[in-house]
Structure formats: C-alpha cells, structure tokens
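Structure, as structure tokens:
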Amino acid sequence: MKTALWLYLFLFLAFFDLHAQYPILTPFAMSLGAGPAFIGWMMGMYSLTHLPGNLLAGVLVDRNGSRRYIVFALTAAGLILLLQAHAQLPWHLLLLRAASGFALAFLSPACMTLLASLSSDPATQGKYMSGHGIIHTLASVVSPAAGAFIVAKAGYSGTFSTLGWLLILTGVMAFFSVPKHSPALAVHKPALPLPQEKAANPLSADIPVSKRYYLLPFFVSCSQGVLFFELPLSQGSGGMISTGILLSLLSLGALLTLSLFFLNRLAPGIRIAAALLGMAICFFTLAAFRSIPAGAVLFMLGAAKGVLFPAMASLFISLGGAGRMGRTFSLQSIAMSLGAFAGPVAAGQLRDYVSPYFIAFVLLMTALLLLPPGRSGSPAAYSPSLNGHAA
C-alpha cells in the first residue's frame, strides 16, 4: 500500500504538470509568432511521439521493471520544461513538445504495471487501477486553473521553470522510494488453460474483433484534441485564466459521473451510445449557440466523458478476453494516440472554413453511427452477464 501511495503522488504531480500546460501552450505559441495551423501541428506532435514511446515502454518495462522508466520519464520531462522556458521560436516549441511526448509515454505504462504487480488478486488490482483514474481526474480538476494563475503571476518562463523543477524533484523522490523489483508480479503466473477449458470459454477463443470498434477511441480522441486546440485559441491570449477554469469545470463534470458507481450496472453499449450522443450535443452547442455559457456546456461535456471512458474500458475488456487483452489495449492506445494527433491538426487546417467544434460534433456522430451493434465482431461484446463482470 505504501508503494501505491507513492505512485499515486508521482502520477498526480505528473498529471498536474501536463494539464497545467493546456491553457498556457496556445497563447505561449501565439506569443512566439505561431499561427493556428502550426499550433495544431504542435499539439498533435505530442501525441504522435507518444505512440512509439508507448510501444517501446510496453516491451522495456516488462523486461527491466518499472523503476528506471518512472525516474527517466519524470526527470526527462522536467528537463524539457526547463528548456521550454527559454524557447524563442515556434519550431523550438514544436521540437520540445515532441520530445516531451516521447519521454512521458513511459510513465503511465510503468506506473500501471507496478500497480498491477502489487497484488495478484484481481479485485485488489481493480482497486489500484480505480485509484489511478481518480488521481488523474483530480489532477485535471485543479491544474488548468492553477497553471493559468501561475502564468498570470510569474509569466511563461517562470511557469515552465516551476513545473520543470517540480517534475525533476518528483523524479528524485521516485528514485529513492520506488522498489527495484516487483515480487508479486514475478510469482504470479496463472496456469495455461486446458484445451477443453479454452474451447468452453468464449472469451478465450481466438475470435477476430471487428476493427470498427477501434474507430471509437480514435474519434473520441480526435474530438478531445479539437477541444484542447480550439478552447484556448477562442479565448485569446488574455483568456488563460478563463480557459483554465473552463477546463477545470470539464474535469469536475467527469468526476461527478465517475463517482456514480451504479452506472456500471448498465451495459457498456448503452452507456457508450448515450455518452457519445451527449458529447456530440455539447460540441454542437459550442459551435452554434454561443449565448449558452461555455462553463455549463463543458461541465455537461465532462459528465458525458465520465460515463464514456469506464464504459469503453469495460467494452474492450470484454473484447480482449484471456490471451488477447494486451493486443486489444495496445490497439486501443494506438487508436487514441493517432486521434489525438489528427484532431488538432485537422482543426488547425480547417478553422478558417468551419468551426472546430462542429468538426468534433461530426466525428462523434460518426463514431455513434459506426459503433457495431451488439454481438458483431465478438460474441462477448454486449453480453449482459459478461459485461456485468467487466464493469
């Protein structure tokens, strides 16, 4: 439990640093002379370099353990932020964001692997993973507004320097507090199922999964990228504090529905469809009804996200099954990274012709229309009994 608390602290500080930059990066890039199209590429580049980092992390963490990669990710990201404080040209920021995306790609896989290794009991592992989600959400609630307030007091250079030293200090703490080995993971090796058991368990059968399922995280991540691109840009360089508050309201909405555990009793397909429709309506409202307060709309958007992501996790657990879970979540991660890259890039290119919020609306409605019906692609996809356990 002590190790878990340390990991939660490191994750909170890392997520705090990451989300604190959301209301800052766009006005900072504009102050360096960047235009909307370049800003879209800058934000997308972080996700693009995150992808190879995630793929490498999966192999290296399994081979060498988590500790060295947690320390590396935190200290490297901190050093990059110190350099970012002295960026003078837009392409400096582009390169530094690309490097930051690669470095931080090692943090979450390493921490989640170590969390899972702390116990061989699936129920306890589930509690640890739930704690990871709550920590992420709490950090995203307080950090955007905090980042904007720090900029108002210390300027861009002072803010990036402060966040950088915070990450480096966290990396030093991780070096002394994270264990070198994970004994629980090493000793827990479940026996391979017998052939007749594999045939009797539909989740263990090697049934191909419809690739349409992976369009769901792609389109959702695209829409999030559009939001993080357009919201600071629409507020202007003088609206950093308001942007930070709006992003905090988004996370508060997510925290509200994440705490409604009874929603997990509903089938994932129902929750996914309802959440996609709710998110799409919110983006359409942002595009077409400017008189409605953005804070109220973003709170509702966050509430829909809080319903969507646990349901999406339950869906991919049911799709993965025994023996295919790693491949399933790897493909989901790839889809989300590609979406986070494509969303802001597309919004930056098309902003002069159509509202980026309308682009996000179209993406989410497309995801809703393409969502396979129950039992297509996998016999367990929407099975009530199986999904009840997955949720």
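- Although no hydrogens or angles enter the test, the distance criterion places no donor-acceptor pair under 3.5 Å between the side chain of S221 and the main chain of F218.
- For the pair F15/L138, no side-chain contact is recorded, criterion being any heavy-atom separation below 4.5 Å from C-beta on.
- Annotation: side chain of L363 is not in contact with side chain of T366 (no heavy-atom distance under 4.5 Å).
- Side-chain contact between Y156 and Q84: absent, with no pair of heavy atoms (C-beta onward) separated by less than 4.5 Å.
- In the hydrophobic clustering of ILVMFWY residues, with side-chain heavy atoms under 4.5 Å counting as a link, L94 and L89 come out apart.
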Handout entry: CA sep, side-chain torsions, deciding dist, call: L276, L216, side-chain contact (heavy atoms from CB on, under 4.5 Å)
Key = CA-CA 9 Å; L276 287 174; L216 172 61; 3.7 Å; yes
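- Counting only heavy atoms from C-beta outward, the side chains of M312 and P268 never approach each other to under 4.5 Å.
- L215 and L368 fall within a single hydrophobic cluster, where Ile, Leu, Val, Met, Phe, Trp and Tyr side chains are chained together by heavy-atom contacts under 4.5 Å.
- Ring orientation note: the planes of F106 and F102 are nearly perpendicular, at an angle over 60° on the 30°/60° scale.
- Rounding to the nearest 0.5 Å gives a distance of 7.0 Å between CD1 of I24 and CD1 of I150.
- Here the CD1 atom belonging to I39 is positioned 5.0 Å from the OG1 atom belonging to T26, to the nearest 0.5 angstrom.
- To the nearest 0.5 Å, the span separating CZ on F16 from CG on L9 amounts to 12.5 Å.
- We find the CE-CD1 distance between M173 and I168 to be 14.0 Å, quoted to the nearest 0.5 Å.
- Under the 4.5 Å side-chain criterion, counting only non-hydrogen atoms from C-beta, L301 is in contact with L227.
- Heavy atoms of other residues, nucleotides or ligands lying less than 6.0 angstrom from CE of M300 number 12 at most.
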Compile the donor-acceptor pairs under 3.5 Å between side chains in residues 283-294 and protein atoms, sequence neighbours left out, one pair per line.
| from | atom 1 | to | atom 2 | distance (Å) |
| --- | --- | --- | --- | --- |
| T285 | OG1 | I281 | O | 2.8 |
| R290 | NE | L286 | O | 3.2 |

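- In this structure, L163 and A20 approach most closely via the heavy-atom pair CD1-CB, 4.2 Å.
- Side-chain contact check for Y46 versus L104: some heavy-atom pair is nearer than 4.5 Å.
- In terms of hydrophobic clustering, with Ile, Leu, Val, Met, Phe, Trp and Tyr side chains grouped at heavy-atom distances under 4.5 Å, F219 and L338 are assigned to a common cluster.
- Remark: the backbone N or O of A303 is paired with a side-chain donor or acceptor of T257 at under 3.5 angstrom.
- Counting only distance, with no hydrogens or angles, the side chain of H86 and the backbone of L83 share no donor-acceptor pair below 3.5 Å.
- Nearest heavy-atom pair across P27 and P232 is CD-CB, 4.5 Å.
- Inter-residue side-chain proximity for Y69 and L107 is flagged as unmet; no heavy-atom pair is nearer than 4.5 Å.
- Hydrophobic clustering, with ILVMFWY side chains joined whenever heavy atoms are under 4.5 angstrom apart, keeps L249 apart from V226.
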Identify all side-chain donor-acceptor contacts of residues 339-357 below 3.5 Å with residues at least two apart in sequence or on another chain.
| from | atom 1 | to | atom 2 | distance (Å) |
| --- | --- | --- | --- | --- |
| R351 | NE | E230 | OE1 | 2.8 |
| R351 | NH2 | E230 | OE2 | 3.2 |
| S355 | OG | Y357 | N | 3.2 |

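- M30 and L32 fall within the same hydrophobic cluster, where Ile, Leu, Val, Met, Phe, Trp and Tyr residues are linked whenever their side-chain heavy atoms come under 4.5 Å apart, directly or through other members.
- Atom CD1 of residue I359 and atom CG of residue L364 lie 12.0 Å apart, to the nearest 0.5 angstrom.
- The two residues V71 and T75 have their closest heavy-atom pair at O-OG1, 2.7 Å.
- The distance from atom CD1 of I272 to atom CG of L277, rounded to the nearest 0.5 Å, is 13.5 Å.
- In this structure a side-chain-to-backbone donor-acceptor pair under 3.5 Å is missing from S100 to R97.
- Closest approach of L74 and A174 over heavy atoms only: CD1-CB, 4.1 Å.
- Here the closest heavy-atom approach between residue Q88 and residue H92 is recorded as N-ND1, 3.2 Å.
- Annotation: side chain of L231 is in contact with side chain of L298 (closest heavy-atom distance under 4.5 Å).
- Pairing each heavy atom of G158 with each of T162, the nearest pair is O-OG1, 2.7 Å.
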